[in-house]
Amino acid sequence: MSFASGILTGKSAIVTGGATGIGSFIVRKLGALGANVGIVSRKEENLISAVNEFKASDDIDVAWCTGDVRDPEGIKKSFDQLAGKIGGIDILVCNAAGNFICPTEDLSWNGWRTVIEIDLNGTFNCCQAAFPHLKESTDGGRIISISTTQADFGWPGAAHAAAAKSGIQNLMKTLAAEWGKYNIRSNWISPGPIQGTEGVDRLIIQQGLADQVLERVPLGTFGKGEDIANAVVYFSSDTGRYVSGAGLAVDGGSQWNRGR
Ligand code: COA
């Protein structure tokens, strides 16, 4: 699948957690379609190596700034700085996330709090930090949050992430209702298992669950990072202009195949 070249020319996008995993596929796709892209994450070495890689393999110049989505004031500064470099913020992709598998009875308060702070509070912080810029977007700002299909069900071993992602989905609905008047759309994407990501490597393959997970994917394979990136383009471009408060599962149909 490909979009018309230059479909995002003139747009400026920030992707949190854009140096690695699904975020890096989103950056490549937005950049390839003409957007000016900035990435934010905690580790400078990851950011620099990703920016060099984007340049070497895709000939894309990506701006970067360190920032922790858990720090509301810090992330505002990072976004303002990046907006200055990339020409504002038309598109915000809330992709940064943390997760680990732990039975709820063993989950420490700090473990619970850490994931809620990164995923849910972090998304709130980023939306607020981007808001003044999104409001100024000529064709209407776009917020796209990366959730998971697991948020719509129970997620044994990941109560923190499931609760956070459900909260994110509801935040997107509320922002769709509140910020529509500012011409800002808020939507979310729920990826299924995407190959080559930490989520699949650490939470599925290393747990010995690959076959079990694949059996539940009706289309029979793990997804690709590009599948998620294409969904982001749909929401970011004119194709998604009348869509707000909506979720799109990109999971090979697996959410509806949960066994008898
Ligand atoms: N099982 C049980 N508890 C765990 C854990 C695990 N696998 N990993 C972390 N924790 C607990 C820690 O023990 C700590 O709680 P404690 O103080 O009660 O011991 C708490 O979580 C915070 O851990 P810490 O390592 O200090 O947090 P951090 O901010 O450095 O890291 C995480 C954040 C925990 C989300 C870490 O997994 C991370 O940085 N991941 C980044 C990438 C990622 O998860 N991507 C998502 C893939 S789907």
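Remember, it's 1-based here, ligands and their atoms both numbered in the order they're listed.
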Side chains of residues 238-249: which donor-acceptor pairs under 3.5 Å do they make with residues two or more places apart or in other chains?
from : atom 1 : to   : atom 2 : distance (Å)
T239 : OG1    : Y234 : O      : 2.9
T239 : OG1    : S237 : OG     : 2.6
S244 : OG     : S186 : N      : 3.1

In chain-and-number order, ligand 1 lies under 4.0 Å from a heavy atom of each of R42, R70, A97, G98, N99, F100, C102, S108, N110, G111, T114, I118, E198, G199, R202, L203
Looking only at side-chain N and O atoms, does K11 offer a donor or acceptor that is under 3.5 Å from a partner on N36?
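Looking only at side-chain atoms, K11 and N36 do not form any donor-acceptor pair under 3.5 Å.
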So, S108 versus R113: side-chain donor-acceptor pair below 3.5 Å or not?
no
Among W179, F124, F79, find the residue that satisfies the ring pair (Phe, Tyr, Trp, His ring centres under 6.0 Å) test when tested with F131.
W179
Check salt bridge (charged side-chain N to carboxylate O under 4.0 Å, His left out) between D68 and all other residues, then give those that pass, not counting sequence neighbours.
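So D68 forms a salt bridge (charged side-chain N to carboxylate O under 4.0 Å, His left out) with R70.
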Sorted by chain and number, sequence neighbours left out, salt bridge (charged side-chain N to carboxylate O under 4.0 Å, His left out) with E198 holds for R202
